Amino acid sequence: MRVTRRNFLKTAATLGAAATIDLYKPDLLEVFAQAKDYWHIAWLNGATCTGCPISLAQAADPDLLQILTSITVGDSGLPIALPDYMQVLHPASGKLAGEFYEDVWKKTTTKRKILVVEGAVQDPGYCTIAIKGVEKDFRDWLADAATIADYIIALGSCASFGGIPHAKGNVTGAKGVAAFLKEKEINKPVINLPRCPGHPDSLVLTLASVIIGVIPELDSYGRPTVFYGMNMHDGRCPYRPYYDRGVFIQKVGQFPAEPGEEGCRYKIGCKGPVAFTDCALRKWNNHVSYCVEVGAPCIACSEAAFPDGDTAPFYQELPSLPMVLGLPAETWGQALVAVSAIGCAAHFVKRVAKKKEVK
Amino acid sequence: MPKFSIDPITRIEGHMGVELDINSNVLSTAPKEYFVTKALAKVHMFRGFELFLKGRDPRDAMLITQRICGVCPNPHGMASVQALDDAFGAEPTPAAILTRNIIEAAYYTYDHPIHFYLLIGPELGIIGAHPPMVPPALGVEGIKTLGLGASYAKCIEAQRWACEVVALWGGKFPHIQSIYPGGVTVKPTLDKIASSIVRMVSVWEFVALTMMEDLYAILAADERLKEVTKAVLGAKVGLEDIGVCTGNFLSYGIFPDHTDYADWLDPSKRKKALIRSGAWSDGAFVTFDERKIREDVKYSYYDSPSGLHPSEGETSPKKDKPGAYTWSKAPRYDDKVYEVGPLARMINTFGTTWKVDRIHPTTGTDYGPVKYTLRNPKGSILDRVAARAFMALLCANNVFKWLLELKGYLDKPIVNYKDVPREAKGRGLWEAPRGALGHWITIKEGKIARYQCVVPGTWNWSPRDDKDRPGPEKLH
């Protein structure tokens, strides 16, 4: 293909962070190789911090580079899911960026239009965007795009439930996409992928699911159960044994000397007991770590009430310690330590007795 | 006079547009020449952090304010935790100072390359006809055969490794979790140090070799550009002639010396920090004085008073205020228009000539230092781009120094723990990649009573102030 300045700019302008698949790369690559039809993605951002696309850029296996260059649709040679419009990465500015939204995404007639939304939706006047020379409130662009989208994904806590901008005391009326669409009587389901920022795996895998025709099972908050179906404290936490034995970090930064120089983060405010997500399993940034691992409390950013409700204040312990078999964990902890001590003592006595015998 | 608007400005965080008044009637010999006579920078989004932080546990601020920006959450966290250190009377431990430096330096080696390649890169690649910096429009083949997007692609990889290092110490990126008043929550361990070094070696190679090579290619392209403009316009116009400001450069400093924190705690000193504070003006260094900061709101959507120091700042939004055109306030220093950012940092620390070594952190190979002399005393695109690359290299060099230092603190305290005070005030002054960043907190009855942030974007993209003087970006 001869690269002229004009077609180069147009092509360059279509690029942005895309998301695609890959938990089971060989299988999915095979499926995509046969996919004849192209998926159109528009990515709109409202009251956002841009953490969600930056988080997407941290995707690994596949990483963003592979997504942008290696995984292609059928014979088209084009990357699998190329956003037609995405403000944060578009080489084009101003009107040219808008052309891709108005002339490509909106005019596509296939049933393969995915709208990804990042950022909260606010009352009129707090977030305006110009697309192709027309300045409108983000909420109006969103309503417009949602009406024609085939699938809607709300990435991050802001787009899912309002997130940080909807904190108590906010004056902008911030809310999530689903709540906004309900208000406007736009009857479309929204897949919510909360966390703050959104986790790249959750977006990549959800897009992959949608593209291959598998709509994920959602919980009552619209979140895929595959990521959000298990409680962090009950089902995921690697520090749970410390909780069960009553060994806690009493003050931030002061780790118990024994037994493993670690401790449950409950007393420094961990909201694991009210968090339904898989951070402890999946971790972040190519599985290197996650919030709790660095000695900090979980702040349950996956939950609708975040940053309020049960999740606040972040460093204050949850008011009621969940019970284990009708007794608070601290009691269990003390009891088990006592039992252990007796057990150890008994073992010691036995050993000493044995030695005496041998002699 | 015709108006022309570029909206949205893409490749930024948030929502912005620029409205320009154009005068096309200047050079009759040059075809289609347009000159901007007036520019309005409009920030289109308001969320209201300074409002919804009120009434909260002060410690919530260090996590919530990171969500002001998901590209630069770390500096917000650092400015916030330092405001809390100040308010709590909790000076961070040496181990914590080193850990915070490591988290932040690794973060800079993601942020500056992202800006250099993904945000401003496409323009530089196109203007400079330098294929490695253009987005990889032709995919893998294009990278292989034309080098089209080769560096852009490498950047995507390298930034991810840098962020893994941030996550090793911060829990995750974006939005770290391991800062706390008086220190950090994360224990230093040999395996974290080793894992960091392994990743940072690759990042260092990218910054010191690839990014510097691309910088020199842009400098060379600039020379060619000037030949072209000389032929067409009769005058040499290069990237060092575009983006000229006031020549006033403000820096708060960053990366304190863990053995002399007292130097850091006085923002007018900060001489031992890797990057100094300063208010360079008229070609000479000026000592920074935090009291000289104020914010005007004449053209901003607020009916709170104008001209307040942020420690007394107020935020009452008024979206239909007549005459206003932006959500950004207009910060001013010493009643002058100041620029903040990579160039301000380099000038206040090193003056007009810079030299940074390139010695491989593990092999010891010396690739020769990089040197640069400021082209335009009032700043320019070229000078800022160079400053960004030099800062990235400084950070890449020093993260190894701090990682190895931290080995000596494995059993030392990581938090100088203090309870939440009932009544207190504090401030944190730091440098985000975009420039000088300050957070100011007032605590009453153990809760946040006031929280004000003055962020670098508002210095550089500020609207006209109460005296109708435009901000830096509009002087170009």
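Within every chain, numbering begins at 1; the chains are lettered A, B, ... in the order of the sequence lines, protein sequences first and strands thereafter. The shown structure was predicted, so the numbers you read here are calculated from the model rather than taken from an experiment.
- The parts of Ile299(A) that come within reach of chain B are both its backbone and its side chain, each placing non-hydrogen atoms under 4.5 angstrom from that chain.
- Residues Met45(B) and Thr128(A) form no side-chain contact, since every pair of their non-hydrogen atoms from C-beta on lies 4.5 Å or further apart.
- Ring centroid separation for the pair Phe173(B) and Tyr110(B) comes in under the 6.0 Å cut-off.
- Options Trp284(A), Tyr315(A), Tyr290(A) differ in how many heavy-atom pairs under 4.5 Å they form with chain B, and the most are formed by Tyr315(A).
- With a 4.5 angstrom heavy-atom cutoff, Ser55(A) touches chain B via backbone and side-chain atoms both.
- Looking at Gln122(A), the atoms closer than 4.5 Å to chain B (heavy atoms on both sides) all sit in the side chain, from C-beta outward.
- Contacts with chain B were tallied for Asn170(A), Ile164(A), Asp308(A); Ile164(A) has the most, counting heavy-atom pairs under 4.5 Å.
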Next on the checklist: Pair Cys72(B), Tyr107(B) - check side-chain contact (heavy atoms from CB on, under 4.5 Å), show working.
Outcome noted: CA-CA 9 Å; Cys72(B) 65; Tyr107(B) 153 79; 3.0 Å; yes
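- Of the atoms belonging to Val171(A), it is side-chain heavy atoms, and not backbone ones, that fall under 4.5 Å from chain B.
- Note on Ile114(B), Asp57(B), Leu63(B): by heavy-atom pairs under 4.5 Å with chain A, the leading option is Leu63(B).
- Taking chain B as the reference chain and counting heavy-atom pairs below 4.5 Å, the highest number among Pro297(A), Cys301(A), Ser289(A) is found for Ser289(A).
- Ring pair Tyr417(B)/Tyr180(B) is parallel by interplanar angle, where below 30° counts as parallel and above 60° as perpendicular.
- Of the N and O atoms on the side chains of Thr99(B) and Tyr409(B), not one donor lies less than 3.5 Å from an acceptor on the other residue.
- For Pro413(B), no part lies under 4.5 angstrom from a heavy atom of chain A.
- Interface remark: Phe255(A) contributes side-chain atoms only to the contact with chain B (heavy atom separation under 4.5 Å).
- Taking CG of Leu118(B) as the start and OH of Tyr152(B) as the end, the distance is 3.5 Å to the nearest 0.5 Å.
- Neither the backbone nor the side chain of Tyr301(B) comes within contact range of chain A, judged by heavy atoms closer than 4.5 Å.
- For the options Val292(A), Ile249(A), Asn286(A), heavy-atom pairs under 4.5 Å to chain B are most numerous at Asn286(A).
- Neither side chain, His76(B) nor Thr65(B), offers a donor N or O lying under 3.5 Å from an acceptor on the other.
- Using modelled atom types and a 3.5 Å distance limit, the side chains of Gln58(A) and Glu164(B) yield no donor-acceptor pair.
- Of the atoms belonging to Cys158(A), not a single heavy atom falls under 4.5 Å from chain B.
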Next on the checklist: Could you walk me through whether Asp111(B) and Arg434(B) satisfy the side-chain contact (heavy atoms from CB on, under 4.5 Å) test, starting with their C-alpha distance in whole Å, then the side-chain angles of each, then the deciding distance to 0.1 Å, before giving a yes or no?
Outcome noted: CA-CA 10 Å; Asp111(B) 193 306; Arg434(B) 306 293 168 271; 3.0 Å; yes
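- Of the atoms belonging to Gln66(B), not a single heavy atom falls under 4.5 Å from chain A.
- In this structure, Lys175(A) contributes its side chain and Phe161(A) its backbone to no donor-acceptor pair below 3.5 Å.
- Heavy-atom distances place no part of Lys54(B) under 4.5 Å from chain A, backbone and side chain included.
- Using a 4.5 Å cut-off between heavy atoms, Arg59(B) touches chain A through backbone and side chain atoms alike.
- Side chain to side chain, Asp123(A) and Thr172(A) fail the donor-acceptor criterion of an N or O pair below 3.5 Å.
- Heavy-atom pairs under 4.5 Å with chain B were tallied for Pro307(A), Cys196(A), Gly125(A), Ala296(A); the largest tally goes to Cys196(A).
- Your options are Gly149(B), Cys163(B), Ser178(B), Gly48(B), and the one with the most heavy-atom pairs under 4.5 Å with chain A is Cys163(B).
- Heavy atoms closer than 4.5 Å to chain B are found in both the backbone and the side chain of Ala57(A).
- Ring geometry, Tyr302(B) versus Trp327(B): the interplanar angle exceeds 60°, so the pair is classed perpendicular (tilted spans 30 to 60°).
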